[in-house]
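Remember, it's 1-based here, ligands and their atoms both numbered in the order they're listed. This is a predicted model, so every value here is computed, not measured.
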Amino acid sequence: MTLPTVTTIAETRSAVAAVRGAGRSVALVPTMGALHDGHLALVARAREAADAVVTSVFVNPLQFGPAEDFDRYPRTLEADTAALERAGVDLLFAPSVADMYPEGRTRITVAAGPVGDLLEGRVRPGHFDGMLTVVAKLLHIVGPDVVLFGQKDAQQVFLVRRMVADLNVPVRVEVVPTVREPDGLARSSRNRYLSAEDRRRALALPSALAAAAAATDAGPERMLAAARAELEGREGVEPDYLVAVDPATFRPVDDRYRGPALVLVAARVGGTRLIDNELVSLG
Ligand code: AMP
């Protein structure tokens, strides 16, 4: 069966109503397309979590800054459709910008709050407001029982959970572990920007996380120093941040902290910004 694809909000609502009318539960997997195995892991988990899976493919202009890669972000809808069909998705929602924002930018937006200004938000002002706004719209359009996100975007996961809790959104949030290439690089739609040389250099990110995970006994500062040694001074790699945060608050931990910590790294490799993270236990 070919994958039903809808582009308008009205079509999406009526397709989902038909699924619900048959007594079936619904999972939503929001994506920006250029799909890879990371996205497909979300779909696979969604199929276990609900009876029917809706995937959205939408490159959301609201979450890109003026100097960012919105225009050149990879758009591969034909290949994405084929991959989603093979993965057993029930409905593809692929709206245009005009479908989602018929009157231009929404005047009412979701404000990410203080954590939205840290880390990714510091480098990408307004990114998380734009992301949460589109996620809120997608949740209202589809009304899923469960929505799935990847741990790869840890700050996004934190903020979506906050929004769902703070605004009483009736949906369950599920998080899927980061899918990696065999050599450890986290899968990302942006990896296709990397030259062969930059692709090798990008391994500095997972190496830094591995060094952190191997040094948790030394305490936060020495753990981060071990990780930094893998990142700094590498040709073609410009580190942006490398921090350990408390997963409950997303605030950097101090050196006395013991317990679970998320080590988050961002770096620019040959002009492409890459992020990664790993949950460690500071002992
Ligand atoms: P994007 O298309 O980049 O907006 O990503 C859509 C969803 O896929 C988000 O929830 C991401 O966190 C998730 N995702 C992206 N890359 C990976 C990965 N390597 N492993 C698991 N999930 C991922």
Side-chain angles (χ1 to χ4, degrees), residues 27-49 53-65 68-70 72-77 79-81 83-84 87 89 92-95 97 100 119-121 124 127-139 142 144 146-164 171-194 199 202-203 205-206 209 247 250 262 264-266 272-279:
L28 171 65
V29 179
T31 81
M32 299 203 299
L35 300 181
H36 51 68
D37 284 353
H39 299 109
L40 298 178
L42 267 61
V43 168
R45 177 64 204 128
R47 288 189 67 189
E48 295 169 355
V53 178
V54 180
T55 298
S56 58
V57 170
F58 180 60
V59 185
N60 173 36
L62 253 55
Q63 68 192 68
F64 287 78
E68 291 185 23
D69 56 348
F70 174 73
R72 72 175 187 120
Y73 196 85
R75 288 161 172 86
T76 59
L77 191 59
D80 292 348
T81 307
L84 293 172
V89 164
L92 167 59
F93 176 43
V97 171
M100 288 296 275
L119 303 168
E120 283 303 286
R124 310 182 66 189
H127 167 69
F128 287 118
D129 292 3
M131 180 279 292
L132 290 177
T133 300
V134 83
V135 169
K137 283 170 71 78
L138 291 167
L139 291 173
V142 176
V146 54
V147 62
L148 294 99
F149 291 91
Q151 178 60 27
K152 156 96 183 347
D153 298 280
Q155 197 172 359
Q156 167 168 289
V157 164
F158 179 91
L159 288 168
V160 168
R161 285 196 189 284
R162 264 272 50 90
M163 175 178 78
V164 164
V171 71
R172 200 169 83 245
V173 178
E174 270 209 32
V175 179
V176 173
T178 302
V179 175
R180 298 176 179 281
E181 304 280 358
D183 63 7
L185 184 68
R187 303 236 177 193
S188 165
S189 304
R190 290 190 169 97
N191 289 353
R192 67 185 71 200
Y193 297 153
L194 299 169
R199 171 68 184 74
L203 291 177
L205 280 84
L209 295 175
F250 235 80
L262 258 179
L264 302 155
V265 62
T272 299
R273 227 171 141 269
L274 300 175
I275 60 172
D276 201 350
N277 69 88
E278 178 142 343
L279 183 65

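Remark: side-chain polar atoms of Asn277 are paired, donor with acceptor, to backbone N or O of Lys152 under 3.5 angstrom. At distances below 3.5 Å, not a single donor-acceptor pair connects side-chain atoms of Arg45 with backbone N or O atoms of Leu40.
No close placement of the Phe93 and Phe58 rings is indicated, their centers lying 6.0 Å or farther apart.
Nearest-residue assignment for atom 8 (O) of ligand 1 (options His39, Gln63, His36; heavy-atom criterion): His39. Considering Gly33, Ala186, Pro177 only, the shortest heavy-atom separation from atom 21 (C) of ligand 1 involves Pro177. With distances taken over non-hydrogen atoms, the option nearest atom 9 (C) of ligand 1 out of Glu181, Gln156, Lys152 is Gln156.
Near Thr31, with a cut-off below 4.0 Å to any heavy atom, the atoms of ligand 1 are 2 (O), 6 (C). Near Phe149, with a cut-off below 4.0 Å to any heavy atom, the atoms of ligand 1 are 10 (O).
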Donor-acceptor contacts, no H, no angles, side chain residues 32-39, under 3.5 Å, sequence neighbours left out:
residue: His36; atom: ND1; partner: Gly38; partner atom: N; Å: 2.9
residue: His39; atom: ND1; partner: His36; partner atom: N; Å: 3.0

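Where the criterion is an N or O separation shorter than 3.5 Å, residue side chain and backbone included, Arg187 meets it with respect to ligand 1. Below 3.5 Å of separation, one finds an N or O of Gly150 facing an N or O of ligand 1. For ligand 1, the polar-atom distance check against Pro30 finds no nitrogen or oxygen pair separated by under 3.5 Å. For Leu148, no nitrogen or oxygen atom sits less than 3.5 Å from a nitrogen or oxygen atom of ligand 1, counting backbone and side chain alike.
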### Query
Could you go step by step and tell me if Met100 and Asn60 meet the side chain to side chain contact (heavy atoms under 4.5 Å, CB included) rule?
CA-CA 9 Å; Met100 288 296 275; Asn60 173 36; over 6 Å; no
### Task
In sequence, state the C-alpha distance, the side-chain angles, and the governing distance for Arg75 and Asp80, and then conclude on salt bridge (Lys or Arg N to Asp or Glu O under 4.0 Å).
CA-CA 9 Å; Arg75 288 161 172 86; Asp80 292 348; over 6 Å; no
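Counting heavy atoms closer than 4.0 Å to ligand 1, residue Leu42 contributes side-chain atoms (C-beta onward) but none from N, CA, C or O. No part of Gln151 comes within 4.0 Å of ligand 1, judged by heavy-atom distances. At a heavy-atom distance under 4.0 Å, no atom of Ser189 approaches ligand 1.
If you check which protein heavy atom lies closest to atom 12 (O) of ligand 1, you get Asp153 OD2, 2.6 Å. Annotation: atom 20 (N) of ligand 1 to nearest protein heavy atom, Val179 N, 2.8 Å. The nearest protein atom to atom 4 (O) of ligand 1, hydrogens excluded, is given as Met32 CG, 3.5 Å; this is a heavy-atom distance.
For Asp69 and Arg190, the salt-bridge test passes: some basic side-chain N is under 4.0 Å from an acidic carboxylate O.
The aromatic rings of Phe250 and Phe158 sit tilted relative to each other, their planes meeting at an angle between 30° and 60°.
Of all non-hydrogen atoms in Arg124 and Gln63, the two that sit nearest each other are NH2-O, 3.5 Å.
Of the candidates Val160, Val147, Val135, Val171 forms a side-chain contact (heavy atoms from CB on, under 4.5 Å) with just one, namely Val147.
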